[in-house]
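Structure first, then comments.
Protein chains get the first letters and strands the later ones, always in sequence-line order, with residue 1 at the start of each.
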Amino acid sequence: MNELPNSTENDAKDPRVARREKMRQIEEQGLDPWGSRFDDRSLVSECRDRQTEIQWTREDGNAIPLPDLTTEGFDFRQWKSDNGPGEQTGPTVRVAGRIMLSRDKGKLIFLTLRDWTGEIQIFIGKNQVGDDGFALAKLFDLGDLVAAEGRLGMTNTGELTVFASRLYFHAKMLEPAPDKHAGLTNTDLRQRMRYADLAFNDGVIQTFLDRTKIVKSIRHTLDQDGFCEVEGPTLHTVAGGAAARPFATHHNALDMPLTMRIALELHLKRLMVGGMERVYEVGRVYRNEGISPRHNPEFTMLECYQAYGDYRSMMDLTERLIVDAIDAIGGGYIREFDGNTIDFTPPFKRASYADLFHEATGVNPADDQAVLDYAKTLHITTDGKHPDVIRNEIFEEKVEDTLTGPIFVIDYPASICPLTKRKQDNPAIAERFELFILGMELANAYTELNDPDLQEKLFKTQLEGLEEEDSMAKMDHDFVRALRYAMPPAGGLGLGIDRLVMLLTGKKSIRDVILFPLLRPEGSGS
RNA sequence: GAGGGUGUAGCUCAGUCGGUAGAGCAACGGACUUUUAAUCCGUAGGUCCAGGGUUCGAGCCCCUGCACCCUCACCA
């Protein structure tokens with residue numbers, strides 16, 4: 001009977017094969033399918049800014065502005081005949097980008113072209129670009145990088161359009177395009193192939209550009225305040241400054257075990273001893289802990305230290321950092337996150353740890369026995385634990401999740417804060433705050449402990465009920481020696497950049513604000 | 001680490017009671033010079049995540065493994 005489809009026929013219908021075949025045909029036309037330098041380029045955003053320059057120039061030489069073509073029921077063709085023969089005149093632009101959509105009408109093709117500032121329509125008419133240009137346009141596929149030169153104008157339906165007079169080819173996409181409407185929704189593929197996620201999914205690139213703006217704004221705010229940015233080491237011999245398990249690594253030539261840093265704190269404080277009175281670092285830290293929508297093994301922290309300040313100075317600074325960051329990306333101080341409304345209008349609320357504890361539990365946090373009894377009702381194991389540890393477990397369970405915020409929780413039990421200065425009139429309380437938003441701990445700051453003898457003692461005293469690796473109090477002899485060279489009284493702040501970006505961009509997963517989150521290797525299943 | 005969910009065409013997803021594998025988009029051929037996820041006619045495209053089992057027969061049921069997602073734990 002009929003011939004079964006042979007393999008070459010099947011190949012011709014494989015999108016990958018078809019794309020390579022078109023690449024070959026582009027070469028046959030004497031063009032390089034991998035493009036070259038493209039000068040005097042207009043960004044899409046610049047084209048949008050220039051649409052006011054489009055006019056209707058009549059044959060008598062008079063130019064009149066275009067009406068609002070988007071008005072419902074407006075007939076542009078009728079308007080043209082009413083206003084006398086003429087033509088649209090607009091600036092000539094050269095736009096380059098990726099083909100997102102294509103509407104082929106035979107001798108007329110509409111492209112939707114995207115660059116990193118937005119999308120714009122390209123009108124390609126056979127008579128306008130010539131036979132060669134049109135033959136090239138017929139070899140375009142979704143996802144290809146192309147460029148067009150032409151006049152900016154409006155179509156009959158009022159869409160801003162580049163009416164191409166010349167086409168360029170910049171790079172062939174050899175892989176099949178994702179669904180042109182849904183994009184790439186498979187979360188695994190989106191993270192694994194972030195390039196495709198950025199290129200084809202709406203808003204992804206904007207989120208990461210916003211992230212950049214937020215980080216820039218934070219640097220700007222601190223720089224304006226006289227802080228100086230530094231870079232501490234990421235390879236530590238002792239991973240201190242936070243309660244977390246580190247990654248272990250090894251230096252071959254020195255045959256020396258090393259750990260990746262879990263915090264920036266101890267080196268920045270060394271710099272304050274040295275006289276760098278306001279320092280900060282925006283840097284990656286690495287914690288060998290579980291992975292969740294709010295946890296990635298490597299994440300970005302801001303830590304900054306201000307000599308002669310205290311935790312109250314840090315509260316004001318924190319507020320300013322966040323408010324400035326919001327201003328940088330726009331959208332106002334009232335923001336939505338996962339169905340919740342957060343009001344970032346300063347000043348943020350402030351409440352003491354003890355008051356919040358009492359409010360939520362009805363228990364006086366200073367009454368150790370009452371706290372112990374209450375812990376038992378929550379089935380928290382209490383054996384061998386320091387009362388402050390128990391208190392804090394209750395706080396985490398009963399209070400933290402309820403903190404919509406933004407709210408500064410201030411004045412923590414001292415024994416869970418081994419790097420913090422105690423209140424002068426009450427050594428059981430540490431001068432520390434944490435900023436909570438929707439139950440998330442966004443920032444952590446304190447009046448820095450600068451008493452070397454007390455610091456050494458706190459390093460030595462492991463909290464009962466805590467494994468050493470769970471404790472912030474890991475002995476760092478050199479750090480204690482540094483304090484003996486005298487560190488000024490100071491305020492210090494740590495702020496989780498990824499979580500701030502999540503809150504400000506409305507992303508529920510930290511993996512949506514980290515370009516390349518940690519993944520298992522591809523194909524590890526087979 | 002524990003529990004739950006998902007895995008089917010390049011992409012997004014259906015698939016009934018266990019009985020020959022489906023759609024839209026993308027691709028390929030054709031029509032169309034102001035379209036808007038263009039439309040219309042036609043064609044092709046499958047290791048149903050992997051391995052094992054039950055069955056006359058498995059995309060579907062059972063077991064094991066892998067990956068991702070969600071919740072919890074650890075943590076920020």
Compare side-chain N and O positions of [X] against OP1 and OP2 of [N] and report whether any pair is under 4.0 Å apart.
X	N	result
A:Thr187	B:C70	no
A:Arg103	B:A38	yes
A:Lys180	B:A38	yes

Check every strand shown and say whether [X] touches a base, only sugar-phosphate, or nothing at a heavy-atom separation below 4.0 Å.
X	answer
A:Glu159	base
A:Arg77	sugar-phosphate
A:Gly290	base
A:Asn186	sugar-phosphate
A:Lys22	sugar-phosphate
A:Leu442	nothing
A:Ser102	sugar-phosphate
A:Phe200	nothing

Spacing of [X] atom [atom1] relative to [N] atom [atom2], expressed in whole Å:
X	N	atom1	atom2	answer
A:Arg16	B:A9	CZ	C1'	12 Å
A:Leu160	B:U35	CG	P	16 Å
A:Asp188	B:C11	CG	C1'	15 Å
A:Arg284	B:A76	CZ	P	18 Å
A:Asp131	B:U33	CG	P	14 Å
A:Arg190	B:U12	CZ	P	11 Å
A:Asp14	B:G46	CG	P	10 Å
A:Leu101	B:A27	CG	P	11 Å

Checklist line | 5'-most by nearest nucleotide on RNA chain B - A:Gly183 or A:Arg287 | finding: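 The residue whose closest nucleotide sits nearer the 5' end is A:Gly183.
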
Checklist line | Comparing A:Leu108 and A:Ala177 on RNA chain B - which has the more 5′ nearest nucleotide | finding: A:Ala177

Check: Does the ring of A:Phe110 lie flat against the base of B:A38, closer than 5.5 Å centre to centre with planes under 30°?
Finding: no

Next item on the list: Counting heavy atoms from C-beta on, name the nucleotide in B:C70, B:A27, B:U35 closest to the side chain of A:Asp141.
Entry: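 Nearest to the side-chain atoms of A:Asp141, counting from C-beta on, is B:A27.
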
Item checked: Distance-only side-chain donor-acceptor flag, A:Glu434 / A:Tyr412, under 3.5 Å ->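 Checked: A:Glu434/A:Tyr412 side chains pair up, N/O donor to acceptor below 3.5 Å.
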
Margin query: Can you confirm whether the side chains of A:Asn444 and A:Arg432 place a donor and an acceptor under 3.5 Å from each other?
Written below: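 A pair is found: one side chain offers a donor N or O, the other an acceptor, under 3.5 Å apart.
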
Note to self: On the side chain of A:Gln121, is there an atom forming a donor-acceptor pair with the base of B:U35 - under 3.5 Å, no angle test?
What the structure shows: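 Between B:U35 and A:Gln121, which were checked side chain against base, a qualifying N/O pair under 3.5 Å is present.
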
Checklist line | Pair of N/O donor and acceptor under 3.5 Å linking B:U35 base with A:Thr155 side chain | finding: yes

Next item on the list: Return the set of residues passing side chain to side chain contact (heavy atoms under 4.5 Å, CB included) with A:Glu59 (not counting sequence neighbours), or none when no residue passes.
Entry: A:Pro85

Who are the ring pair (Phe, Tyr, Trp, His ring centres under 6.0 Å) partners of [X], not counting sequence neighbours?
X	result
A:Phe110	A:Phe123
A:Phe348	A:Phe408
A:Phe344	none

Side-chain donor-acceptor pairs of residues 492-503 of chain A under 3.5 Å, sequence neighbours excluded:
from     : atom 1 : to       : atom 2 : distance (Å)
A:Asp498 : OD1    : A:Arg211 : NH1    : 3.0
A:Asp498 : OD1    : A:Arg211 : NH2    : 3.1
A:Asp498 : OD2    : A:Thr300 : N      : 2.7
A:Arg499 : NH1    : A:Glu441 : O      : 3.3
A:Arg499 : NH2    : A:Arg294 : O      : 3.1

Notebook entry, point to check: So, is the end of the A:Lys138 side chain (NZ or CZ) under 6.0 Å from the ring centre of A:Phe134 and within 45° of the ring's axis?
Noted result: no

Checklist line | Nucleotide-resolved protein contact map, nucleotides 1-8 of chain B, B/S/- at heavy-atom distance under 4.0 Å | finding: --------

Next item on the list: Any chance you could measure A:Leu101, atom CG, to A:Gln121, atom CD, to the nearest 0.5 Å?
Entry: 10.0 Å

